[in-house]
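In what follows, a single structure is set out as structure tokens and then discussed.
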Amino acid sequence: MTPGPTDIATKADRLLAVLRSFGDGVAVAFSGGIDSTVVAKAAALALGDRAVAVTADSPSVARAELADARRLAALIGIRHEVIRTAEFDNPDYQRNDGSRCYHCKSELYDEILARLSDLGVGAVCSGANLDDEGDYRPGLVAAAERRVRHPLQEAGFTKAEVRALARAWGLPTWDKPASPCLSSRLAPGLAVTPERTARVEQAEAYLKGLGLWDCRVRLHEGDLARIEVPVAEVARLAEPDVRDRLARRFRELGFRYVTLDLEGFRSGSLNDLVALDVRRQYSSV
């Protein structure tokens, strides 16, 4: 069901009220995705100079995504800080056993919390919405341990309502596809390295150059690339000329095998490979 303008206006007021409750100001963990963009916009409206957007920079962040975050922060008019995070130095993160997001978010939130005084704010918030509750979300466990707040959840926003508000506020990314970090493309059990994330980034950039914005290049054991695109686009990639050029480019990037997933694009498809005990550990907050 599409949210109505009246419902969205009411929830927008509720969201602004939540942000105003951060009397000492707030740092928004800001990736440039639709959720954190809406929270950053609300924080700027509610708190002005007492709001700051903080973006992580590491080998797991695509350069295009970092550029988008800078552009969006300027458009919103919120103070913006980019900080270098060191999750790749953590063996538990590199191990990629299904808890990677927990260690990544722990690193990010700890870095922001350590800077609160310098940033001149008193708390940290994220862009998590109601649709994230009850799912396998290791990052939410890291947030709960650090008392990071989630204004969209507090104001009762679903993902569809976040998009509706972004559109009402004229944010250009209201229909932007989700874009998790590059490390999420590596199959569980495959060690996370800057070389592998860079390879995935270049491979996905090639697909986007073909107009395939909703795509994933999943990296599996044996340097196997599994390409996910919308089902309607699968046949186009299988056309001889397109297929040959694509395979040649991926081989140049260091992939030994190049495969096309016939089931099409599925967000979070690698989660099926995470061990059940790990999923249980990070499914409740």
Side-chain angles (χ1 to χ4, degrees), residues 30-37 55-75 80 82 84-85 87-88 93-94 96 100-101 104 171-188 190-270:
F30 180 65
S31 67
I34 184 62
D35 299 311
S36 63
T37 297
T55 301
D57 182 14
S58 80
S60 70
V61 180
R63 296 303 89 186
E65 293 296 320
L66 183 58
D68 277 352
R70 294 183 188 277
R71 178 178 60 82
L72 284 167
L75 177 67
H80 188 212
V82 177
R84 189 75 179 176
T85 54
E87 63 270 20
F88 278 71
Y93 176 87
Q94 295 173 2
N96 194 23
R100 184 197 64 252
C101 273
C104 178
L171 296 174
T173 54
W174 69 270
D175 59 347
K176 180 181 180 180
S179 185
C181 76
L182 294 169
S183 297
S184 70
R185 315 299 202 264
L186 275 60
L190 191 64
V192 178
T193 68
E195 182 276 330
R196 284 172 169 157
T197 56
R199 208 186 328 161
V200 167
E201 180 178 10
Q202 293 177 74
E204 290 190 355
Y206 179 85
L207 294 177
K208 290 174 182 176
L210 298 177
L212 298 165
W213 291 97
D214 223 0
C215 65
R216 296 286 187 273
V217 175
R218 313 287 191 188
L219 179 57
H220 292 261
E221 191 69 42
D223 289 322
L224 182 149
R226 178 168 58 85
I227 300 169
E228 293 182 10
V229 296
V231 171
E233 301 289 349
V234 169
R236 179 160 75 95
L237 286 191
E239 292 175 359
D241 288 347
V242 177
R243 182 196 65 212
D244 290 347
R245 288 195 299 270
L246 187 155
R248 187 180 311 116
R249 177 56 180 150
F250 276 46
R251 291 296 292 270
E252 290 172 354
L253 292 174
F255 297 102
R256 293 185 183 182
Y257 307 100
V258 184
T259 66
L260 180 58
D261 194 319
L262 299 182
E263 290 190 80
F265 172 77
R266 303 181 311 287
S267 181
S269 65
L270 286 176

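Everything numeric in this text was worked out from a predicted model, so none of it was measured.
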If you take all heavy atoms of [X] and [Y], which pair is closest and at what distance?
{"X": "Ala56", "Y": "Leu66", "result": "O-CD1, 4.4 Å"}
{"X": "Asp214", "Y": "Pro177", "result": "OD1-CB, 3.3 Å"}
{"X": "Ala203", "Y": "Phe250", "result": "CB-CZ, 3.6 Å"}
{"X": "Gly32", "Y": "Leu72", "result": "O-CD1, 3.4 Å"}
{"X": "Phe88", "Y": "Ser58", "result": "CE1-OG, 4.1 Å"}
{"X": "Leu210", "Y": "Val242", "result": "CD1-CG1, 4.5 Å"}

Can you tell if the side chain of [X] reaches within under 4.5 Å of the side chain of [Y], non-hydrogen atoms only?
{"X": "Glu65", "Y": "Ser31", "answer": "no"}
{"X": "Ser60", "Y": "Tyr93", "answer": "yes"}
{"X": "Glu221", "Y": "Leu190", "answer": "yes"}
{"X": "Glu195", "Y": "Pro59", "answer": "no"}
{"X": "Arg63", "Y": "Asp57", "answer": "yes"}
{"X": "Arg100", "Y": "Leu186", "answer": "no"}

Would you find a donor on one side and an acceptor on the other, under 3.5 Å apart, between the side chain of [X] and the backbone of [Y]?
{"X": "Asp223", "Y": "Tyr257", "answer": "no"}
{"X": "Arg199", "Y": "Gly254", "answer": "yes"}
{"X": "Arg245", "Y": "Arg243", "answer": "no"}
{"X": "Thr259", "Y": "Ala225", "answer": "yes"}
{"X": "Arg251", "Y": "Val258", "answer": "no"}
{"X": "Thr55", "Y": "Phe30", "answer": "yes"}
{"X": "Arg226", "Y": "Asp261", "answer": "no"}
{"X": "Thr85", "Y": "Glu87", "answer": "no"}
{"X": "Glu201", "Y": "Ala62", "answer": "no"}

Legend entry - Criterion side chain to side chain contact (heavy atoms under 4.5 Å, CB included) on Glu204 and Val217, from CA distance to verdict: CA-CA 6 Å; Glu204 290 190 355; Val217 175; 3.6 Å; yes
Within this structure, what is the [atom1]-[atom2] distance for the pair [X] and [Y], rounded to the nearest 0.5 Å?
{"X": "Arg216", "Y": "Ile227", "atom1": "CZ", "atom2": "CD1", "value": "13.5 Å"}
{"X": "Ser184", "Y": "Asn96", "atom1": "OG", "atom2": "CG", "value": "9.5 Å"}
{"X": "Asp35", "Y": "Thr173", "atom1": "CG", "atom2": "OG1", "value": "10.0 Å"}
{"X": "Leu212", "Y": "Leu237", "atom1": "CG", "atom2": "CG", "value": "5.5 Å"}

Legend entry - Pair Arg249-Glu252, salt bridge (charged side-chain N to carboxylate O under 4.0 Å, His left out): steps then yes or no: CA-CA 5 Å; Arg249 177 56 180 150; Glu252 290 172 354; 3.3 Å; yes
Legend entry - Residue pair Trp174, Thr37: steps toward the side chain to side chain contact (heavy atoms under 4.5 Å, CB included) verdict: CA-CA 9 Å; Trp174 69 270; Thr37 297; over 6 Å; no
Legend entry - Test log, rule side chain to side chain contact (heavy atoms under 4.5 Å, CB included), inputs Tyr206 and Leu253: CA-CA 11 Å; Tyr206 179 85; Leu253 292 174; 5.8 Å; no
Inset, instruction - Count the heavy atoms belonging to other residues, nucleotides or ligands that lie under 6.0 Å from CZ of Arg84, then report whether that count exceeds 12. - result: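 Yes, the 6.0 Å shell around CZ holds more than 12 heavy atoms from other groups.
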Inset, instruction - Could you go through the side chain to side chain contact (heavy atoms under 4.5 Å, CB included) check for Leu246 and Leu207 one step at a time? - result: CA-CA 8 Å; Leu246 187 155; Leu207 294 177; 3.7 Å; yes
